[in-house]
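Reviewing the structure listed below.
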Number of protein chains: 2
Amino acid sequence: MGKKQVPSLVKDERLISRRRAQIVKAAVGLFNEKGYHKATTREVANASGFSIGTLYEYIGSKEDILFLVCDSVYDEVVSKWEKLLDSNLRGLERLRQVIESYFRVVDDLQDEVLVMYQETKSLSGEALRYVLEKEIRIKNVFEKELIHAREEGFLTMDDRQLSLAAHHILVVGQMWTFRRWAVQKEYSVDEYIEYQLRQLIYGFGVNEQAPDKQPVPQKEE
Amino acid sequence: MGKKQVPSLVKDERLISRRRAQIVKAAVGLFNEKGYHKATTREVANASGFSIGTLYEYIGSKEDILFLVCDSVYDEVVSKWEKLLDSNLRGLERLRQVIESYFRVVDDLQDEVLVMYQETKSLSGEALRYVLEKEIRIKNVFEKELIHAREEGFLTMDDRQLSLAAHHILVVGQMWTFRRWAVQKEYSVDEYIEYQLRQLIYGFGVNEQAPDKQPVPQKEE
DNA sequence: GGGACCTGAGCGAGCGTTCATTCGACTGCG
DNA sequence: CGCAGTCGAATGAACGCTCGCTCAGGTCCC
C-alpha cells in the first residue's frame with residue numbers, strides 16, 4: 001500500500017525481519033519434508049503461527065519465501081564457517097581445516113542447505129542469479145585457499161585444475177545432504193569427512209604396480 | 001469389459017510401449033526445461049503429439065510419466081555403459097575405463113539423467129524404492145570393480161572406504177549434469193573427466209613438504 | 001477512537017483427470 | 001463392388017479440486 005508515513009518505519013523494519021525469520025524457519029522444515037511445490041502457503045502460515053493473511057503481510061509471493069530461505073542459508077553458512085576458521089594454520093593443515101569446517105557447517109545446516117540446493121532452480125531470473133552469485137563466492141574461498149597452498153609449494157595444479165578442484169569441494173559438501181536418506185543411513189559425518197579429505201588430498205591411494213607383480217621401491221611409510 | 005478375445009492383445013502391448021516411449025521422450029524435454037511440477041500434462045500431451053485424452057490412454061497419472069522416465073533412464077544408462085565395456089583390460093586401466101565410460105554415458109544422456117536425478121524424490125513409496133534400487137545396482141558395479149582392483153593389489157582401502165568410494169564415483173558422475181548451467185559453461189566433458197579421473201586416483205597431487213621449506217621430520221599423523 | 005496487527009472466508013486461475021462423442025479402418029454379407 | 005455394422009483409438013470440453021492470493025472486517029492496546 002502507499003501508506004508510507006515515516007515515524008513507524010524503524011519499528012516496522014525490525015518486526016518485519018523478525019517475522020520473516022519465523023517464516024523462513026517454518027518454511028525450511030516444510031520444504032524439507034514435502035518439497036517447495038507440494039508445500040502450500042497455508043501450511044507455511046500455520047507452521048509459522050500466522051494466518052495466511054498475516055503471512056502475506058510479510059512476503060510478496062510464495063517464491064519470496066524460497067528466496068528468503070536461500071538468501072539466509074548462504075549467510076548462515078558463511079558466518080558459521082568463519083567462526084570455525086580463526087586459526088593461523090598454514091599450508092596443508094590450513095587447507096584441510098577449511099574444507100573440514102565447511103563440511104561440518106553443511107552438516108550442521110543440512111535442512112537449510114538441502115532446500116536451497118534442491119529448490120534453487122525454482123527461483124526465477126534475478127533471484128536465481130543473486131543466489132548463484134553467493135554460491136560462487138564460496139567457491140572462490142576454496143580457490144583462494146588452493147592458490148595459497150600452491151604458492152607455498154604443496155600443490156602443483158594448473159589454474160584450470162585448481163578451479164575445478166574448488167568447484168569439486170563445494171559440490172562434495174553439498175552432496176552430503178543431497179541423497180542423505182541413502183548416504184547418511186550408511187555413513188557417519190565423521191567417516192564421510194575423513195574419507196573425503198583423504199580422497200581429495202591423496203585420491204584412492206594407488207600402487208601404480210601391483211605389489212605382487214614386482215617389488216616396488218617403497219617410500220617412507 | 002469381459003470381451004477378452006485373444007487376437008488383439010499382442011498388438012496392443014506393442015502400441016502401448018511405442019506410445020509410452022513417445023511420451024517419455026517428450027516428457028524428458030519438458031521436465032528438463034520447466035521441471036516436473038511446472039510442466040502440465042497438457043503440455044506433455046502436446047509435445048508427444050497427442051491430445052490429453054489420448055495421453056491418458058497410455059498412462060494412469062502424471063506420476064506415471066515420471067516413473068516411466070526414471071525407469072527407462074537407468075536401463076538406458078546401463079545398456080549404453082555395457083556397450084563401452086567389453087574390453088578385457090585389467091587392473092588400474094580397467095578401473096579407469098569403467099569410470100570414464102560411466103561418465104561418458106551420463107554426459108550422453110544428460111537430459112534424462114538430470115530429470116531422474118532431480119525429480120526422483122517426487123515419486124512416492126513403491127516407485128521411489130524401485131528407482132533407488134536401480135541406482136544401488138550401479139553403485140554395486142563400482143564396488144565390484146574396486147574390490148577387483150584391490151585383489152590385484154592396486155588399492156589398499158578397507159571395506160568402508162571402498163563402499164564410500166563406489167558411492168563417490170556414482171555421485172561425481174551425476175554432478176556433471178546437476179549444476180550444468182554453472183559447470184558445463186566453464187569446462188568441457190573431456191576436461192572434467194580427465195580431472196575427475198586424476199582426482200579420484202591421485203587426489204590433489206600433494207607434496208607433503210613444501211619444497212622451499214626445510215624438510216621437517218614428519219610423522220604419521 | 002484510532003492505529004497496528006491479525007484473521008480466514010472467499011475468489012478465480014490453473015491443474016490433473018474423465019468420458020461422451022467422433023472418426024477412420026476393417027469385416028462380412030449380398 | 002457397395003453397404004451396414006463393429007471396433008477402438010483419438011478427441012477435447014467439462015469437472016472438481018487445489019492453491020496462491022486478497023480484502024472486509026475483526027481484536028487489542030494506547
Side-chain angles (χ1 to χ4, degrees), chain A residues 1-24 26-27 30-31 33-69 119 122-124 127, chain B residues 1-24 26-27 30-31 33-69 119 122-124 127:
Chain A
M1 326 276 153
K3 50 182 89 167
K4 295 288 159 80
Q5 274 342 331
V6 187
S8 64
L9 232 162
V10 174
K11 195 177 151 200
D12 264 353
E13 290 289 321
R14 272 215 202 111
L15 183 65
I16 287 175
S17 53
R18 213 167 347 114
R19 295 284 196 250
R20 282 187 176 165
Q22 254 178 286
I23 293 168
V24 165
L30 271 166
F31 291 174
E33 199 183 316
K34 339 181 62 180
Y36 170 69
H37 289 283
K38 285 195 181 169
T40 69
T41 48
R42 257 172 272 254
E43 287 172 321
V44 174
N46 258 343
S48 34
F50 305 126
S51 64
I52 342 136
T54 311
L55 181 77
Y56 273 88
E57 292 287 315
Y58 299 105
I59 61 161
S61 70
K62 191 186 180 186
E63 198 184 308
D64 273 7
I65 305 176
L66 185 56
F67 179 72
L68 286 175
V69 170
E119 312 288 6
S122 302
L123 290 171
S124 56
Chain B
M1 322 285 150
K3 53 181 85 167
K4 293 289 159 76
Q5 272 345 333
V6 186
S8 65
L9 233 161
V10 174
K11 194 179 152 197
D12 265 352
E13 289 290 320
R14 275 221 196 105
L15 184 64
I16 288 176
S17 54
R18 212 167 347 114
R19 294 284 195 249
R20 283 188 175 163
Q22 252 178 290
I23 293 168
V24 165
L30 270 166
F31 291 173
E33 199 182 317
K34 337 181 65 182
Y36 171 68
H37 289 285
K38 284 196 181 168
T40 69
T41 48
R42 259 171 273 257
E43 288 171 319
V44 174
N46 258 342
S48 33
F50 304 128
S51 63
I52 342 135
T54 310
L55 183 75
Y56 274 87
E57 290 287 317
Y58 298 105
I59 60 161
S61 70
K62 191 184 180 189
E63 199 185 305
D64 274 6
I65 305 176
L66 184 57
F67 178 71
L68 286 175
V69 170
E119 313 288 7
S122 302
L123 290 171
S124 55

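In what follows, every chain begins at residue 1, and chains take the letters A, B, ... in the order their sequences are listed.
- Shown for residues 36-46 of chain A: residues whose heavy atoms fall under 4.0 angstrom of DNA chain C, namely A/Arg42.
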Assess whether side-chain contact (heavy atoms from CB on, under 4.5 Å) is satisfied between B/Leu55 and B/Thr41, documenting all intermediate values. CA-CA 8 Å; B/Leu55 183 75; B/Thr41 48; 4.1 Å; yes
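- Residue B/Thr54 has no polar side-chain atom (N or O) positioned under 4.0 Å from OP1 or OP2 of D/dA9.
- The line from CD1 of B/Ile16 to CD1 of B/Ile59 is 12.5 Å long, rounded to the nearest 0.5 Å.
- B/Glu119 places no side-chain N or O within 3.5 Å of a backbone atom of B/Leu66 that could act as its donor or acceptor partner.
- Residue-to-nucleotide proximity on DNA chain C shows that, of A/Gly49 and B/Gly53, the 5′-proximal contact is made by A/Gly49.
- Sequence neighbours left out, the pairs with a member in residues 36-58 of chain B that pass salt bridge (Lys or Arg N to Asp or Glu O under 4.0 Å) are B/Lys34-B/Glu43.
- A distance of 12.5 Å separates CG of A/Leu30 from CD1 of A/Ile23, quoted to the nearest 0.5 Å.
- Computed from coordinates, the B/Leu30 CG to C/dC15 P distance equals 13 Å when rounded to whole Å.
- One can place CZ of A/Arg19 at 11 Å from C1' of C/dA4, the figure rounded to the nearest angstrom.
- Using cut-offs of 30° and 60° on the angle between ring planes, the pair B/Tyr36 and B/Phe31 is perpendicular.
- In this structure, B/Ile52 atom CD1 and D/dA10 atom C1' are separated by 11 Å, rounded to whole Å.
- Listed by residue number, the members of residues 55-65 of chain A with any heavy atom below 4.0 angstrom from DNA chain D are A/Tyr56, A/Ser61, A/Lys62.
- Between B/Val44 and B/Ser48 the shortest heavy-atom distance is O-OG, 2.6 Å.
- Remark: the backbone N or O of A/Tyr58 is paired with a side-chain donor or acceptor of A/Arg20 at under 3.5 angstrom.
- Residue B/Ile23 contributes atom CD1, which lies 13 Å from atom P of C/dT17 at whole-angstrom precision.
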